[in-house]
Amino acid sequence: MTIKTRFAPSPTGLLHIGGIRTALFSWLYARHHNGQFVLRIEDTDRERSTDAAVQVILEGMAWLGLEHDEGPYYQAQRFDRYLEVINQLLEVGHAYRCICSKERLEQIRNEAMSKGEKPRYDGHCRALNLTEDNAVVRFKNPLDGAVVVQDKVQGHVSFENSELDDLIIARSDGTPTYNLTVVVDDMDMGITDVIRGDDHLNNTPRQINIFKALGAEIPNYAHIPMILSPEGKKLSKRDGAASVLQYRDEGYLPEALLNYLVRLGWSNGDQEIFSIEEMVAVFDIKDVNKSASSINPEKLLWLNQHYLKNADNEWLQKPLNDLFMGMNIDLKDGPDLRDLIEVQKHRTETLKDMAEQSLFFYMDFDEYDINAAKKHLRPVILEPLKALYEALKTIKDWDNNSIKTVIEGTADKLEIKMGKLAQPLRVAVTGAGISPSIDDTLRLLGQEKSLSRLLKGIEFIENRSSS
RNA sequence: GCUCCCUUCGUCUAGUGGCCCAGGACGUCGCCCUCUCACGGCGAAAACACGAGUUCGAGUCUCGUAGGGAGCACCA
């Protein structure tokens with residue numbers, strides 16, 4: 001049978017990396033088995049669902065290349081079908097209407113809690129055969145026996161039916177609830193493998209009972225552990241619970257994020273680096289760990305750097321360009337992006353770092369970094385810089401080799417160390433003490449700009465020593 | 001409270017009874033390279049939650065304890 005998995009996020013909050021990892025595992029499982037991957041938006045909560053959240057799901061999945069074969073389906077568009085199933089359940093006696101007030105339910109809950117029991121609905125209306133239209137509809141859960149979830153990650157997990165209660169499948173306004181819609185959809189869409197967060201494990205026996213009542217085939221389940229913050233707590237916005245797109249905007253590459261996520265709770269021996277193709281080839285849901293894992297931003301950064309170093313310069317242009325645009329930088333005034341990328345990609349961790357550390361190539365700076373200027377733009381270096389200026393001026397072919405030769409030659413002639421000359425030069429042309437190698441820096445900057453900035457640096461020292 | 005789940009270096013993990021005085025990776029620290037910052041190279045510190053049991057032998061099996069998590073909605 002063809003494997004069919006699905007990713008079914010609810011657009012009530014922005015899709016974050018926890019959701020993405022679930023999506024990735026589902027996607028990988030489907031791809032590994034040459035199966036199908038369905039995207040379904042669970043937007044039955046019309047109050048809390050937002051278009052912005054739907055947009056993040058669609059854009060995020062596309063950005064990461066987790067393409068779906070079917071969908072996106074929207075549950076809000078399938079209400080007729082859910083009602084049909086609810087009525088069917090009502091007719092065959094697997095469900096019943098209930099008019100218990102919220103106050104009564106609240107009271108039952110409180111009593112159970114105070115007696116040290118698990119709060120459950122007491123089945124008050126179960127045998128009443130009510131027909132009121134404004135009643136909720138409850139599913140008749142079996143009273144005894146047990147439901148065994150044969151989970152691909154968690155193993156056998158058994159639940160006593162006596163622990164479960166008659167859950168509401170339709171609200172008093174007639175709208176269906178989550179546990180019903182999931183089952184109907186998974187059934188209708190022919191989902192063979194449900195891969196989702198282990199926060200749903202407790203819902204699974206209820207859903208299995210509904211599947212049984214419907215006479216439908218029960219899918220395989222795999223409940224994957226949650227992702228925790230670096231502190232081991234629940235993920236919060238600042239550690240990745242915000243939109244996945246934030247990672248894109250911060251200059252992460254899709255393959256780095258995917259590689260990072262796939263190694264969270266899953267491994268293939270000691271292998272750390274996985275191309276998408278390798279993941280698809282070796283991923284198996286059975287190898288997923290059962291325990292939750294904390295995210296580690298440093299490792300993500302390391303992977304991002306790895307992928308950045310190995311990325312195609314041509315390909316990197318687009319995302320880098322977007323980042324520069326976001327910073328209102330006019331790229332016409334500086335080096336070609338491909339040339340910039342070639343030198344910067346080996347020394348930055350994210351595209352955003354790359355953009356930020358390259359600003360001086362595209363715009364003039366008003367002030368020097370105060371510490372760098374204090375340390376390097378000093379009178380002692382005035383004459384050497386002047387000599388260097390003259391020498392650089394004579395260069396005909398502005399390439400690394402001639403630039404380097406001139407700087408080293410000047411240092412030699414004046415009997416000063418390379419570093420003593422290069423660092424002041426760097427501060428003069430970049431405004432600060434950090435940049436690519438000095439020859440790359442000057443080459444990318446261009447002869448004209450290099451010279452004019454060096455001249456300004458010389459003037460700066462002169463003004464400083466005279467005041 | 002009740003039900004279910006989890007527990008190897010700071011973090012992600014390898015490990016399916018002897019190959020483990022526990023391996024890899026990120027991070028950290030040290031050294032080397034070096035015009036800055038990085039990259040790179042070399043090296044170091046760093047873990048089987050605890051307690052019983054089974055066994056000739058346990059990180060690996062069983063039970064208990066402690067700690068953590070999830071669920072128990074007319075949310076998904």
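So you know, we letter chains A, B, ... as the sequences are listed, proteins then strands, and number each from 1.
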K.L.:
If the P atom of rG27(B) is compared with that of rC39(B), how far apart are they to the nearest Å?
P.N.:
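Here rG27(B) and rC39(B) have their P atoms 8 Å from each other.
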
K.L.:
For the pair R443(A) and D399(A), evaluate salt bridge (charged side-chain N to carboxylate O under 4.0 Å, His left out) and give the outcome as yes or no after the intermediate values.
P.N.:
CA-CA 6 Å; R443(A) 188 193 92 234; D399(A) 56 28; over 6 Å; no

K.L.:
Between T204(A) and L201(A) (side chain of the first, backbone of the second, donor and acceptor by atom type, cut-off under 3.5 Å), is there such a pair?
P.N.:
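Yes; judged by distance alone, with no hydrogens or angles, the pair exists.
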
K.L.:
rC74(B), OP1 or OP2 - any side-chain N/O from T177(A) closer than 4.0 Å?
P.N.:
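Answer is no, no contact under 4.0 Å.
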
K.L.:
Determine the Euclidean distance between corresponding P atoms of rC9(B) and rC50(B); express it in Å to zero decimal places.
P.N.:
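The answer is 10 Å between these two P atoms.
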
K.L.:
Reading nucleotides 26-32 of chain B 5' to 3', which nucleotides get B (base under 4.0 Å from a protein heavy atom), which S (sugar-phosphate only), which -?
P.N.:
BS-----

K.L.:
When the C1' atoms of rC48(B) and rG10(B) are considered, how many whole Å apart are they?
P.N.:
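Pairwise C1' distance, rC48(B) against rG10(B), rounds to 16 Å.
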
K.L.:
Please report the distance, rounded to the nearest Å, between CG in D439(A) and C1' in rC35(B).
P.N.:
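Answer to the nearest Å: 9 Å.
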
K.L.:
Regarding H16(A) and S243(A), do their side chains bring together a donor and an acceptor under 3.5 Å, going by distance alone?
P.N.:
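Side chains of H16(A) and S243(A): no pair found under 3.5 Å.
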
K.L.:
Looking only at atom P, what distance separates rC6(B) and rC63(B), rounded to whole Å?
P.N.:
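Looking at atom P only, rC6(B) and rC63(B) are 12 Å apart.
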
K.L.:
Could you label the plane-to-plane angle of the H94(A) and F139(A) rings as parallel, tilted or perpendicular, counting under 30° as parallel and over 60° as perpendicular?
P.N.:
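Answer is parallel, since the angle falls under 30°.
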
K.L.:
Cationic tip of R6(A) within the cone over F37(A)'s six-membered ring, i.e. under 6.0 Å and within 45° of the normal?
P.N.:
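No, cation not above the ring by the 6.0 Å, 45° rule.
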
K.L.:
Please determine, for the side chain of N289(A), which listed nucleotide (rU13(B), rC37(B), rG23(B)) has the closest atom?
P.N.:
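Of the candidates, rU13(B) comes closest.
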
K.L.:
Does either side chain, that of Q75(A) or that of D185(A), offer a donor lying less than 3.5 Å from an acceptor on the other one?
P.N.:
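Yes, because at least one side-chain N or O of Q75(A) sits under 3.5 Å from a partner of the opposite role on D185(A).
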
K.L.:
Taking a pair as Watson-Crick or G-U wobble with both distances under 3.5 Å, which nucleotide is matched to rA14(B)?
P.N.:
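rA14(B) is paired with nothing.
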
K.L.:
Nearest whole angstrom, please: distance from the P of rU34(B) to the NZ of K404(A).
P.N.:
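One finds 10 Å between P of rU34(B) and NZ of K404(A), rounded.
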
K.L.:
Which of residues 414-422 of chain A have a heavy atom under 4.0 Å from RNA chain B?
P.N.:
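Within residues 414-422 of chain A, the residues near RNA chain B are M418(A), G419(A), A422(A).
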
K.L.:
Paired with rA70(B): which nucleotide, if any, by Watson-Crick or G-U wobble criteria at under 3.5 Å for both distances?
P.N.:
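Per the H-bond distance test, rU3(B).
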
K.L.:
Please name the residue in the list K140(A), R126(A), R206(A), R120(A) that meets the salt bridge (Lys or Arg N to Asp or Glu O under 4.0 Å) test with D166(A).
P.N.:
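Running salt bridge (Lys or Arg N to Asp or Glu O under 4.0 Å) over K140(A), R126(A), R206(A), R120(A) with D166(A) returns exactly one hit, R126(A).
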
K.L.:
Answer with yes or no whether the side chains of N400(A) and D440(A) bring together a donor and an acceptor at under 3.5 Å.
P.N.:
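Note: D440(A) and N400(A) side chains meet the donor-acceptor criterion.
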
K.L.:
Quick check against the 3.5 Å criterion: does E408(A) have a side-chain atom that pairs as donor or acceptor with the backbone of T405(A)?
P.N.:
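Not at all, since once roles are kept as given, no pair shorter than 3.5 Å links the two residues.
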
K.L.:
Can you check the distance between rA38(B) and rC31(B), where both ends of the measurement are the P atom (answer in whole Å)?
P.N.:
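Each nucleotide's P atom is 15 Å from the other's.
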
K.L.:
Under 4.0 Å from OP1 or OP2 of rG40(B): is there any side-chain N or O of K309(A) that close?
P.N.:
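Answer yes for this pair, as a side-chain N or O of K309(A) is under 4.0 Å from OP1 or OP2.
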
K.L.:
Would you kindly give the CD1-to-C1' distance between I227(A) and rC5(B), to the nearest whole Å?
P.N.:
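Distance, rounded to whole Å: 17 Å.
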
K.L.:
Sticking with atom P, work out how far rA47(B) lies from rC21(B), rounded to a whole angstrom.
P.N.:
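rA47(B) and rC21(B) have their P atoms separated by 15 Å.
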
K.L.:
Let's test your reading of the model: under 3.5 Å, does the base of rG24(B) pair with the side chain of Q271(A) as donor and acceptor?
P.N.:
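No such pair is found, so the answer is no.
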
K.L.:
Give the nucleotide from the list rA38(B), rC2(B), rC74(B) with an atom nearest to the side chain of E163(A).
P.N.:
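Of the candidates, rC2(B) comes closest.
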
K.L.:
Check whether D193(A) reaches the backbone of T5(A) with its side chain - one donor and one acceptor, N or O, closer than 3.5 Å.
P.N.:
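No; judged by distance alone, with no hydrogens or angles, the pair does not exist.
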
K.L.:
Taking atom C1' in both rC12(B) and rA58(B), compute the distance separating them and give it to the nearest angstrom.
P.N.:
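Straight-line distance between the two C1' atoms is 25 Å.
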
K.L.:
Let's test your reading of the model: under 3.5 Å, does the base of rC35(B) pair with the side chain of R426(A) as donor and acceptor?
P.N.:
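For R426(A), whose side chain was compared with the base of rC35(B), there is a donor-acceptor pair (under 3.5 Å).
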
K.L.:
Taking the nucleotide of RNA chain B with the nearest heavy atom to each, does S101(A) or S435(A) sit closer to the 5' end?
P.N.:
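Result: S435(A).
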
K.L.:
Paired with rC61(B): which nucleotide, if any, by Watson-Crick or G-U wobble criteria at under 3.5 Å for both distances?
P.N.:
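Result: rG53(B).
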
K.L.:
Can you check whether S291(A)'s main-chain N or O pairs, donor with acceptor, with N289(A)'s side chain at less than 3.5 Å?
P.N.:
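Pair absent, no side-chain N/O of N289(A) close to backbone of S291(A).
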
K.L.:
Could you check whether any side-chain heavy atom of V282(A) comes within less than 4.5 Å of a side-chain heavy atom of F274(A), counting everything from C-beta outward?
P.N.:
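Heavy-atom side-chain distance check passes, below 4.5 Å.
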
K.L.:
If I take atom CG in residue N268(A) and atom C1' in nucleotide rG23(B), what distance separates them, rounded to the nearest angstrom?
P.N.:
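Result: 15 Å.
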
K.L.:
Compare side-chain N and O positions of T348(A) against OP1 and OP2 of rA38(B) and report whether any pair is under 4.0 Å apart.
P.N.:
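Result: no.
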
K.L.:
Rounded to the nearest angstrom, tell me the gap between atom CG in N304(A) and atom P in rC39(B).
P.N.:
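Between P of rC39(B) and CG of N304(A): 14 Å.
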
K.L.:
Record whether the side chain of S172(A) comes under 3.5 Å of the base of rC74(B) through a donor-acceptor pair of N or O atoms.
P.N.:
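Check passes, donor-acceptor contact within cut-off.
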
K.L.:
Whom does rG40(B) pair with, Watson-Crick or G-U wobble, provided both distances fall under 3.5 Å?
P.N.:
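Per the H-bond distance test, rC32(B).
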
K.L.:
Going by atom types alone, do S162(A) and E160(A) pair a side-chain donor with an acceptor below 3.5 Å?
P.N.:
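Per modelled atom types, S162(A) and E160(A) side chains form no pair under 3.5 Å.
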
K.L.:
To the nearest angstrom, how far is D186(A) atom CG from rA76(B) atom C1'?
P.N.:
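That distance rounds to 13 Å.
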
K.L.:
Looking at S293(A), I'd like to know whether one of its side-chain N or O atoms comes within less than 4.0 Å of OP1 or OP2 on rU13(B).
P.N.:
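Answer is yes, contact under 4.0 Å.
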
K.L.:
For L83(A) and rC74(B), what is the distance between atoms CG and P respectively, to the nearest whole Å?
P.N.:
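So the CG-P distance, L83(A) to rC74(B), works out to 19 Å.
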
K.L.:
Please determine, for rG27(B), whether a Watson-Crick or G-U wobble partner exists with both distances under 3.5 Å, and give it or none.
P.N.:
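Pairing partner: none.
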
K.L.:
Are Y178(A) and H200(A) close enough that their ring centres sit under 6.0 Å apart?
P.N.:
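Distance test on ring centres: under 6.0 Å, yes.
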
K.L.:
In this structure, how many angstroms lie between the C1' atom of rC12(B) and the CD1 atom of I273(A), rounded?
P.N.:
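Value for this atom pair: 13 Å.
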
K.L.:
All N/O contacts under 3.5 Å from nucleotides 71-73 of chain B to the protein, with atom names and distances to one decimal?
P.N.:
{"from": "rG71(B)", "atom 1": "O4'", "to": "N202(A)", "atom 2": "ND2", "distance (Å)": "3.3"}
{"from": "rC72(B)", "atom 1": "O2'", "to": "P119(A)", "atom 2": "O", "distance (Å)": "2.8"}
{"from": "rA73(B)", "atom 1": "OP2", "to": "R109(A)", "atom 2": "NH1", "distance (Å)": "3.1"}

K.L.:
For the P atoms, the ones on rU65(B) and on rU3(B), what distance do you get once it is rounded to whole angstrom?
P.N.:
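These two P atoms come out 13 Å apart once rounded.
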
K.L.:
Do N141(A) and N209(A) have a side chain donor and acceptor closer than 3.5 Å?
P.N.:
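There is such a pair (donor and acceptor under 3.5 Å, judged by atom type) between the side chains of N141(A) and N209(A).
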
K.L.:
Nearest-nucleotide wise, let me know which of H346(A) and S294(A) is further upstream toward the 5' end of RNA chain B.
P.N.:
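Here S294(A) is the residue nearer the 5' end.
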
K.L.:
When syn is taken as a glycosidic angle within 90 degrees of 0, is rC5(B) syn or anti?
P.N.:
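In terms of base orientation relative to the sugar, rC5(B) is anti.
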
K.L.:
Is there a Watson-Crick or G-U wobble partner for rA45(B) with both distances under 3.5 Å, and which nucleotide is it?
P.N.:
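Check on rA45(B): unpaired, no WC or wobble geometry under 3.5 Å.
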
